[in-house]
Novice: 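Please see the structure below; I have some questions.
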Protein chains: 2
Amino acid sequence: MNLKQLSHMLALSQTTVSRALNGYPEVNEETRRRVIDAAKRHGYRPNPSARRLATGKTGMIGYVLPTGTTVDIDPHFVEFLSGLGDYARSHELDLVLSPADADDQETTYRRIVANRQVDAVYISSPRPADRRVALVSTLGIPFIVHGRSEGLDFDYPYTDIDNEGAFHEAARLLVQLGHRRLALINGDDRETFAIHRERGVRRALAASGLALGEGHVCSLAMTEENGYRAARRLLERSDAPTAIACSSLIMALGVVRAARDLGLTIPGDLSLIAHDDVFPWLKPENFSVPLSTTRSPIRLAGARVAERLAARISGLEEGARGEVWPVDLVVRGSVAGARA
Amino acid sequence: MNLKQLSHMLALSQTTVSRALNGYPEVNEETRRRVIDAAKRHGYRPNPSARRLATGKTGMIGYVLPTGTTVDIDPHFVEFLSGLGDYARSHELDLVLSPADADDQETTYRRIVANRQVDAVYISSPRPADRRVALVSTLGIPFIVHGRSEGLDFDYPYTDIDNEGAFHEAARLLVQLGHRRLALINGDDRETFAIHRERGVRRALAASGLALGEGHVCSLAMTEENGYRAARRLLERSDAPTAIACSSLIMALGVVRAARDLGLTIPGDLSLIAHDDVFPWLKPENFSVPLSTTRSPIRLAGARVAERLAARISGLEEGARGEVWPVDLVVRGSVAGARA
DNA sequence: GAAAAGAACCAAAGCGCTTTGGAAGACTCT
DNA sequence: AGAGTCTTCCAAAGCGCTTTGGTTCTTTTC
């Protein structure tokens, strides 16, 4: 059932039927009712391919997915996707993942914009002076950055959490508990979120005349194994930290294992705080010693990004407003006062 | 730059240019070279919206993503996606995720087929008599099932791993080591993979005149917490198992924690084997006691599914061939002979 | 009561591609 | 040389929608 058939059936022109269906004003309400009714009764659904050829609108939002045999997709992605998908569903949007060579995403961005494959895109895991942000911005497609870049000479719309504030608070608490030697087991510090977290820790330490010791900050892919290795390396030093801030729950698993292997107790010998993006399948309160966390459900961020993308597509949102969400510090058993 | 401009520039008809570009035979090789060259030089890329309107081909594969505030996307998804994406990239395919109400995916399947939004779809986490498989089959869109359904009265193409065989082998090993009371901590047993695994365990036990004790099989969402709870419940019974087979590495984390809480050692008091889909961020060899696993990289499955979808789209594959991959049993420190 | 304004509808022109159904010229065959 | 066969190209008809630029009435305005 296409428009032609439907309009013929109603003895109306395609123009009028199309307008009736799309809510244009220049059509009699009585007629509109008839049209809508007939459309529903015959299950008419406008062909999206035809519509997008005519309008350029696709009803899809895009994401360039870096791939490659050596490239691992972050498990956070799935939670973010849950939120994004949930919102997208309620607004009849689909998400298209365009796989790209991790080292050349630019080609893919250009393609999806040139081809008008999506109405908007989002960018995740931004880095300082992120070229993708600059590119997408000049290409003129609506977009939202999940996270922030830095050192770009223009503004852009983003939704981020207060990574610096979160880790500042976490470190401040540890310092107040008497810890003097902190360490940070961070994610990839080419990404802005990691830079912000380190900055937060340093700022908190500096406020008490302290600093992150040489070699007391690690930057690694967020795997259990890397958490273990980093913790081991740190804890076997002569100036081993008495407290660790950790960028992910998965890494924290490794930290806990390292402490156990070394016969250290948490929080007796080591205080630990990790960032929790809130996974349904791994909860900080269920760690052998309940884990203190800086907490921010990444699923909510996904929903928010979808919401803003939808708003930008429909022209309800414009400009370059960035928003930064506060992060909760949730104190559980894994922190304690430093040994005298 | 569109076809009209390009053909005008070359003083050729749109027909010829189109054919030259799409490799049709009825065009002079010299002309073809000219056309291809000019297209490249001017960066001509056919507009996909127009092409899909004309041909019905979209260059996209679809996946219906169940969503909802209470619906959690499996973290396995991300690994599967890595493989799928990697293959899709090399074949210029995009993946479109259509979010759907978890309780009504049918509407979404019908929509994406009726609208010709994708060239093929894949279905994951199938259940016995899965309605999606039946639906997609009657809708007549190319598809591959990742996993298997059961009790359907028709054949369909699928790629699955030998879950039954894997857990059969695992259980057989445990029995050979002298274990008499096994337990199975399984995933959601409404899904076929879980049913197959249970079947494998039962078959291995039956071969030695044993059986899964009443209450010795749990079926839960695969989270750390559920692994812990299930293990605790099992290990506190008077007829506590001396060996556990577990459907996921994440649940196994919980099992290990439960054992520790109860003062049980692995493998001294409890042998443990889990299934490993191979995550980059959590490895069985890094468990406090290296974990024995049935191992099958889900990323490979993703790539294979993409490959078969591409083949079906281009007509290279047809029919209903199902393929079942063997699973490796990797023995590490977490299994030992049963106490006398 | 003529002119202007408004309401409701329509024919047809895109959107940019593929594909059908030729057509013109060059070649082969008898 | 005339008929048939290739080879190579083209004009035009879709694909199914939206949108431009009307037209035809009916209603309002002075």
Novice: In whole angstroms, how far is the C1' atom of D:dC17 from the CZ atom of B:R116?
Specialist: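 It is 16 Å, rounded to the nearest whole Å.
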
Novice: So, A:R304 versus A:T159: side-chain donor-acceptor pair below 3.5 Å or not?
Specialist: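 Result is no, nothing qualifies.
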
Novice: Just by distance, no angles: are the side chains of A:R148 and A:T192 close enough, under 3.5 Å, to form a donor-acceptor pair?
Specialist: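 The answer is no; no qualifying pair exists.
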
Novice: Calculate the interatomic distance between B:N2 atom CG and C:dG16 atom P; express it in whole Å.
Specialist: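 The answer, rounded to whole Å, is 5 Å.
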
Novice: Between B:R34, B:R33, B:R41, which is the residue that forms a salt bridge (Lys or Arg N to Asp or Glu O under 4.0 Å) with B:D37?
Specialist: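 Testing each of B:R34, B:R33, B:R41 against B:D37, the sole residue satisfying salt bridge (Lys or Arg N to Asp or Glu O under 4.0 Å) is B:R41.
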
Novice: Residues of residues 51-59 of chain B with any non-hydrogen atom less than 4.0 angstrom from an atom of DNA chain D: list those, numerically ordered, please.
Specialist: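 B:L53, B:A54, in order of number.
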
Novice: Just N and O in the side chain of A:N22: are any of them under 4.0 Å from OP1 or OP2 of D:dT18?
Specialist: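 A:N22 to D:dT18 OP1/OP2: side-chain N or O found under 4.0 Å.
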
Novice: Below 4.5 Å, heavy atoms only, C-beta onward: do B:I161 and B:F193 meet side chain to side chain?
Specialist: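 B:I161 vs B:F193: side chains apart.
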
Novice: Is there a side-chain contact between A:T16 and the phosphate of C:dC9, meaning an N or O under 4.0 Å from OP1 or OP2?
Specialist: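 No, outside the criterion.
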
Novice: What contact category does B:T31 fall into here, base, sugar-phosphate, or nothing, at under 4.0 angstrom with non-hydrogen atoms?
Specialist: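 Sugar-phosphate contact only.
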
Novice: Salt bridge check: are B:R110 and B:E106 linked by an N-O gap of less than 4.0 Å?
Specialist: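 Yes.
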
Novice: If an axis is fit to five pairs at each end of the helix from C:dG1-D:dC30 to C:dT30-D:dA1, what is the angle between the two, to the nearest 10°?
Specialist: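 It comes to 40° between the two terminal axes.
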
Novice: Which of the following nucleotides, C:dG16, D:dA11, C:dC10, is nearest to the side chain of B:S13?
Specialist: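 Nearest to the side chain of B:S13 among the choices is D:dA11.
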
Novice: Check every strand shown and say whether B:A20 touches a base, only sugar-phosphate, or nothing at a heavy-atom separation below 4.0 Å.
Specialist: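 Nothing: the residue B:A20, judged by heavy atoms under 4.0 Å, touches no strand.
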
Novice: Does D:dT7 have its OP1 or OP2 closer than 4.0 Å to a side-chain nitrogen or oxygen of B:Y24?
Specialist: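 No, no such contact exists.
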
Novice: Is it the case that the side chains of A:S49 and B:R116 hold a donor-acceptor pair, with the cut-off being a distance below 3.5 Å and no angle test?
Specialist: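 No, because no side-chain N or O of B:R116 sits under 3.5 Å from a partner of the opposite role on A:S49.
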
Novice: Using a 4.5 Å cut-off on heavy atoms from C-beta on, say whether the side chain of A:V136 contacts that of A:Y109.
Specialist: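 Side-chain contact under 4.5 Å: yes.
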
Novice: Tell me: CE of A:M1 to P of D:dC17, nearest whole Å?
Specialist: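 Taking CE of A:M1 and P of D:dC17, I get 10 Å after rounding.
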
Novice: What is the distance, to the nearest angstrom, from the CG atom on A:L12 to the P atom on C:dA11?
Specialist: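 These atoms are roughly 10 Å apart.
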
Novice: Whether the B:S124 and B:Y63 side chains hold a donor-acceptor pair (N or O, under 3.5 Å, no angle test) is what I'd like checked.
Specialist: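 Side-chain D/A pair, B:S124 to B:Y63: present.
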
Novice: Any side-chain heavy-atom pair from B:S149 and B:Y156 closer than 4.5 angstrom?
Specialist: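 When only atoms from C-beta onward are counted, B:Y156 and B:S149 do touch, with a gap below 4.5 Å.
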
Novice: Rounded to the nearest Å, what distance is computed from the CG atom of residue B:N47 to the P atom of nucleotide C:dC17?
Specialist: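 Nearest whole value for this atom pair: 6 Å.
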
Novice: Is there a side-chain contact between A:N28 and the phosphate of C:dA8, meaning an N or O under 4.0 Å from OP1 or OP2?
Specialist: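 Checking C:dA8 against A:N28, a side-chain N or O does come within under 4.0 Å of OP1 or OP2.
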
Novice: Please tell me if the side chains of B:Q117 and B:T58 come closer than 4.5 Å, counting only heavy atoms from C-beta onward.
Specialist: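 SC-SC contact between B:Q117 and B:T58 ruled out.
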
Novice: Taking NZ from A:K4 and C1' from C:dA11, how many angstroms apart are they, rounded to a whole number?
Specialist: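 About 13 Å, once rounded to whole Å.
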
Novice: Among D:dC9, D:dT19, C:dC9, which nucleotide sits nearest the side chain of A:T15?
Specialist: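 Nucleotide nearest to A:T15's side chain: D:dT19.
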
Novice: Rounding to an integer number of Å, can you tell me how far B:L21 CG sits from C:dC17 P?
Specialist: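 Rounded to whole Å, this separation is 10 Å.
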
